[in-house]
Amino acid sequence: MPRAEFVPLDSYREVPIDEMRAAASSFLETMRRRRTVRDFSDRPVPRDVIEHCLLAAGTAPNGANRQPWRFVVVGDPEIKAKIRSEAEVEEQAFYNGKAPQEWLDALEHLGTDEHKPFLERAPWLIVIFGESYELLDDGTKAKNYYVSESVGIATGMLITALHHAGLATLTHTPSPMKFLNGLLGRPDNERPFLILVVGYPEEDATVPDISKKPIDDIAVFIE
Ligand code: IYR
């Protein structure tokens with residue numbers, strides 16, 4: 001890779017400290033309204049909103065700027081039905097013998113089970129892949145770096161962008177997920193990371209009454 005041209009950092013905007021405080025605290029309020037939703041409405045969501053949120057995710061910092069992600073956005077009802085049926089096969093096995101009891105106990109309070117109707121009902125499924133390497137035109141492989149970190153950061157930014165736009169999401173990880181390559185016709189260098197279910201919540205949607213850890217339990221300051 002030739003060295004990039006360096007240009008002034010024109011996009012940075014400094015804000016006064018009081019505005020910084022207000023921005024940080026109001027963003028916290030916004031983020032505290034985000035909930036993982038499992039009861040999705042079938043109301044349509046315009047594709048351009050999804051595209052903007054994906055472009056926001058695509059601004060994520062990542063290894064060597066290789067941008068090792070691929071978002072496969074599924075709105076086709078037939079493909080969604082196939083994803084649901086294959087995911088439910090995996091989940092059936094997970095909940096009925098494959099998952100260790102300790103894992104099932106850890107999930108108990110969330111009330112999850114092998115039924116995944118949201119995979120058909122929500123208007124969009126964003127299937128997120130990480131590209132472990134790039135296939136160059138001459139057939140050689142170019143390795144990517146920090147793929148799971150990069151894709152994880154991009155996924156977090158996507159969830160944030162969708163929430164900011166007024167949409168609900170669910171991170172869904174059927175295990176194993178390799179069936180997604182076959183179903184979606186994706187090449188071997190793309191490894192499924194997770195399925196992000198996107199849409200409006202059902203009007204009577206409920207969520208578990210759980211809380212997030214306070215600052216002292218998630219951070220240590222060394223000053
Ligand atoms: N993939 C399963 C199980 C599951 C695992 C974790 I860790 C969760 O936080 C939630 C669910 C499922 O989707 O049901």
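Remember, it's a predicted structure, so these values are computed and weren't measured experimentally. First listed ligand is number 1; within each ligand, the first listed atom is number 1.
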*Against heavy atoms of Thr173, which atoms of ligand 1 measure under 4.0 Å?*
1 (N)
*Measuring from the heavy atoms of Lys116, does anything fall under 4.0 Å of ligand 1?*
yes
*Answer with yes or no whether the side chains of Thr36 and Arg34 bring together a donor and an acceptor at under 3.5 Å.*
yes
*asked:* Between ligand 1 and Glu91, is the shortest N or O to N or O distance under 3.5 Å?
replied: yes
*Check the surroundings of atom CD in Glu203: do more than 12 heavy atoms from other residues, nucleotides or ligands lie under 6.0 Å from it?*
no
*Minimum-distance protein heavy atom relative to atom 10 (C) of ligand 1*: Leu107 CD2, 3.5 Å
*Can Glu86 and Lys82 be counted as an ion pair, charged N to O under 4.0 angstrom?*
no
*Considering only heavy atoms of Trp103, which atoms of ligand 1 have at least one such atom less than 4.0 Å away?*
5 (C), 7 (I)
_For Arg186 and Leu180: C-alpha separation, side-chain torsions, deciding distance, then whether side chain to side chain contact (heavy atoms under 4.5 Å, CB included) applies._
CA-CA 8 Å; Arg186 302 313 303 170; Leu180 290 164; over 6 Å; no
*asked:* Tell me if the centroids of the rings in Phe193 and Trp69 come within less than 6.0 Å of each other.
replied: no
*asked:* Give me the nearest non-hydrogen protein atom to atom 3 (C) of ligand 1 as residue plus atom name, then the distance to 0.1 Å.
replied: Tyr95 OH, 3.4 Å
*With rounding to the nearest 0.5 Å, note down the distance linking OG1 in Thr171 to CG in Leu196.*
7.0 Å
*Go through the structure and list residues passing salt bridge (charged side-chain N to carboxylate O under 4.0 Å, His left out) with Glu120, not counting sequence neighbours.*
Arg84
*Can you list the atoms of ligand 1 that are under 4.0 Å from a heavy atom of Phe94?*
3 (C)
*Thr112 to ligand 1: N or O pair under 3.5 Å?*
no
*Please say whether His172 places an N or O atom under 3.5 Å from an N or O atom belonging to ligand 1.*
yes
